[in-house]
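Data first, discussion second: the structure below is written as structure tokens.
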Amino acid sequence: MKFKVLYCLLCIPFLVFSQEEPLSITQKWMDVLLKMIENDGQGPTIQARNLFHTSAAMYDAWAAYDKNENTFFLGKEYHGHHLEFDPEFKTMSSNVDSLRNIAISYAAYNVIQYRYSQYGSKGRTVDIAVNLMEDLQLTVNNRDVDYKSGSPEALGNYIANHIIEIGQQDGSLEEESHQSESYEFINSNLKPGDSGVGVLDDPNKWQPIDVNTYVRKKGLDKTLQDWNLLLVDGNTQFLTFFWGNVLPFALSEKKASVYFDPGAPPFFDPENEVCTSEYQWGFQLVQDWSGYLDPFKNKTIWDVSPKGITSLEGHLPVGFEAYQKYYSKAKNNLPKEHKTNPYTKKPYVKNHTKQGDYCRVIAEFWVDGPTTKSPPGHWLQFLKEVSYQPSFKRKWKGKGDEMSQLAWDTKSNFLLSGTLHDAAIACWDVKSFYNYVRPITAIRYLSSLGQSSDPSLPNFNPNGIKLKKGSVALIQENDPLVGANKEHLNKIKIKAWKGPDFVDDPFEDTAGTDWILGIDWWPYQRYMFATPPFAGYVSGHSTFSIAGAEILNFITGSPYFPEGLKTFTAKKNEFLSFENGPSADVTLQWATYYDAAIETCISRVWGGIHPPADDIEGRRLGQKIALNAIQFSKDIIK
């Protein structure tokens, strides 16, 4: 059992693609960084920053050798930090790309080596970078920074040293390993293995999750120590709650409390029936969808081909009624517009899959938690797969002459990484400001209050959960959940995924769905994680994914994946790690970058991590971030 859990978490797969073109030096270093992110286990904000700073270092090392290209740090002002640069420096060879390869390698290596050995990772992953330097026959001990002499090693070192200095004072608290003591906890810890939410002072605010007791019950305490997921001094840290203060890529100076303020999410407010109704609806939708995660009880067949699964591209609802209509469509899988592949001119072939399998697979495929490439890294991996597709033409914005692989990789990784860095900053700025509750807290809390549907029925509370046929009900006298002493009589029961108590062996066991106590609800996530260690609103996955899709659309000049289709197959009884499954092979298919992004967004609702408000406003934020970065980049990237 332990082997499957660990193996699957370390090996959340990415798509298989045919690679004929040898990797550029930029892509080799991006591959190193993505692998180190997998092994490192730090949060998505930290990894997005590392991706940006590394890709920016490589971009400047590349651009320095062409006076027609603009640099980003070299010779420029960056939020009060100026890096002097003489563009007339000597060159030691007429083979410019050979010089670039060396400069890029030293720039990337030094940033990576510092970031992953000086703090956080404690040297666990640095050997991957050292190995690449050795493969390239480059010494790791060269500290020369006299780039004017013509040394490409010195140029790379010079750029990296400046970025390292900036990183020590960019608001990320790097010198404190990105930790801060100043966060004030409003709610005490929730222990998911226990019923209810414990002491909850404010049902609108994030509640830290304490998984220690439950993990020890499962016998994986040492595994969590290795992954640094245990609590520190009894408290779950709100991961990088201060990240809105980090120096960005393209974001302008913050004029208000937060970047691109989406406004407040739905609040639980007993004095305001409208507010509480929206709160109830959003979190109860998450609970309701959880009841469909069983391919043996939910045998509904969906067409998950590009013409079958709901895309809902470009239609972001505004207002409560629009939200309700939008998610009704998403739940019922209405067809979308991709009838014909624009490259083959042939109709997309139907791809029939059980809803219970599809929704479990996307919840896990897009989870991007600890020991994965992280949400930002997932989109960098997509970029690689697009860039090395044999039929793909490396034309910036789809126009002009085809670029070299090195030029394309350097520019595209720089812009995408910079945008995702901004997405992390703006998203966490909102998260910290609103400090919004997660579904595991809200669903259990609403269930604990009682039912709000009928004053004539037992356990009535106008602020409780709504009764719904087949989804939410009261426990009756002869109900199996009533308890030996009828201690649960008239309490709330919900139809949902049954949770990790019903999975002893993930090779064999499937928890499935059934009626459970509402106060015992779990998200469809691995129990060692349960819920991310930071507030919900807005969704990081939604912000990163829409931003990533917008950038890929912009740089490639097309909304479509090369050849109009990208696929991934989750193998029967092999792919899932939370429980056994899927019950049959499930092939995910996307025609456009937005298809993949929106599936990511929806997956977090199916997985029990976000209600609709988190998702939609995260999408809207991601779009704003990307459009801002695109406009900013036009003065830099040619």
Side-chain angles (χ1 to χ4, degrees), residues 26 30 48-49 51-89 96 100 103-104 107 111 155 158-160 162-163 166-167 170-171 246-255 259-260 376 379-380 383 387 394-404 406-426 543 546-558 621-638:
T26 295
M30 291 304 294
R49 173 177 172 269
L51 287 163
F52 165 54
H53 283 169
T54 305
S55 66
M58 294 192 290
Y59 174 79
D60 269 11
W62 174 86
Y65 287 94
D66 188 338
K67 294 183 178 62
N68 294 318
E69 298 289 346
N70 293 315
T71 54
F72 184 73
F73 286 113
L74 286 172
K76 301 294 174 61
E77 189 85 12
Y78 176 75
H79 299 284
H81 302 271
H82 181 73
L83 179 60
E84 293 185 3
F85 176 59
D86 180 3
E88 303 298 329
F89 69 97
V96 173
R100 281 172 160 160
I104 286 171
V111 173
L155 179 62
Y158 183 69
I159 294 168
H162 180 69
I163 292 175
I166 288 174
D170 68 345
V246 173
L247 297 182
F249 163 59
L251 294 172
S252 57
E253 183 179 350
K254 188 162 49 174
K255 303 296 184 182
Y259 292 108
F260 303 114
W379 285 92
L380 270 300
L383 171 60
S387 301
R394 299 182 298 272
K395 298 181 178 182
W396 196 249
K397 298 187 288 185
K399 301 174 183 178
D401 296 333
E402 189 163 8
M403 300 161 63
S404 70
L406 176 61
W408 172 268
D409 286 346
T410 304
K411 290 183 176 183
S412 60
N413 277 283
F414 170 54
L415 178 55
L416 180 55
S417 295
T419 304
L420 294 171
H421 175 57
D422 281 357
I425 291 170
T543 307
I546 297 301
E550 289 280 5
I551 295 299
L552 288 176
N553 186 350
F554 171 74
I555 64 176
T556 64
S558 170
L621 178 61
Q623 187 175 60
K624 291 176 181 178
I625 293 297
L627 295 179
N628 181 75
I630 288 169
Q631 187 62 37
F632 177 81
S633 72
K634 291 177 181 178
D635 293 331
I636 303 173
I637 303 175
K638 297 181 180 181

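All heavy atoms count here, side chains included; hydrogens, waters and symmetry mates do not. Predicted model only: the values in this text are computed from it and were never measured. All residue numbers refer to positions in the sequence shown, counting from 1.
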Does [X] use its side chain to pair, donor to acceptor, with the backbone of [Y] at less than 3.5 Å?
{"X": "K76", "Y": "T71", "result": "yes"}
{"X": "R49", "Y": "G167", "result": "yes"}
{"X": "K638", "Y": "N68", "result": "yes"}

Do the two ring centres, one from Y158 and one from F73, sit under 6.0 Å apart? no
Tell me if the centroids of the rings in F72 and Y59 come within less than 6.0 Å of each other. no
Could you go step by step and tell me if T410 and R100 meet the side chain to side chain contact (heavy atoms under 4.5 Å, CB included) rule? CA-CA 11 Å; T410 304; R100 281 172 160 160; over 6 Å; no
When you compare the side chain of [Y] with that of [X], does any pair of heavy atoms fall below 4.5 Å?
{"X": "E253", "Y": "H79", "answer": "no"}
{"X": "W62", "Y": "T26", "answer": "no"}
{"X": "E69", "Y": "K411", "answer": "yes"}
{"X": "L51", "Y": "M30", "answer": "yes"}
{"X": "Y78", "Y": "L83", "answer": "no"}
{"X": "I637", "Y": "I555", "answer": "no"}

If I compare all heavy atoms of [X] with all of [Y], which pair ends up nearest, and what's the gap?
{"X": "L420", "Y": "P376", "answer": "CD1-O, 3.5 Å"}
{"X": "S387", "Y": "W408", "answer": "OG-NE1, 2.8 Å"}
{"X": "A57", "Y": "I163", "answer": "CB-CD1, 3.5 Å"}
{"X": "A107", "Y": "A160", "answer": "O-CB, 3.6 Å"}

Residues which pass side chain to side chain contact (heavy atoms under 4.5 Å, CB included) with [X], listed by chain and number, not counting sequence neighbours:
{"X": "H81", "answer": "H162, I166, Q169, L247"}
{"X": "A64", "answer": "L74, F85, F89, L155"}
{"X": "E77", "answer": "H82"}
{"X": "A549", "answer": "W379, Y593, Y594, A597"}

Partners of [X] by side-chain hydrogen bond (donor to acceptor under 3.5 Å, both in side chains), sequence neighbours excluded?
{"X": "S412", "result": "none"}
{"X": "W396", "result": "none"}
{"X": "T543", "result": "none"}
{"X": "T54", "result": "none"}

May I have all residue pairs that pass salt bridge (charged side-chain N to carboxylate O under 4.0 Å, His left out) and include part of residues 416-426, sequence neighbours excluded? none
Atom pair [atom1]/[atom2] of [X] and [Y] - distance to nearest 0.5 Å:
{"X": "D60", "Y": "S55", "atom1": "CG", "atom2": "OG", "result": "10.0 Å"}
{"X": "I551", "Y": "T419", "atom1": "CD1", "atom2": "OG1", "result": "3.5 Å"}
{"X": "F249", "Y": "L416", "atom1": "CZ", "atom2": "CG", "result": "10.0 Å"}
{"X": "R394", "Y": "S404", "atom1": "CZ", "atom2": "OG", "result": "7.0 Å"}

Identify every side-chain donor-acceptor pair in residues 625-635 under 3.5 Å, counting partners at least two apart or on other chains, and give the distances.
from : atom 1 : to   : atom 2 : distance (Å)
N628 : ND2    : A250 : O      : 3.2
S633 : OG     : A629 : O      : 3.4
S633 : OG     : I630 : O      : 2.8

Taking ring pair (Phe, Tyr, Trp, His ring centres under 6.0 Å) as the test, write out the residues that go with F554, two or more places apart. none
Taking only residues two or more places apart in sequence or in another chain, which ones pass salt bridge (Lys or Arg N to Asp or Glu O under 4.0 Å) with K254? D429
What do you reckon, is CG of D86 surrounded by more than 12 foreign heavy atoms closer than 6.0 Å? yes
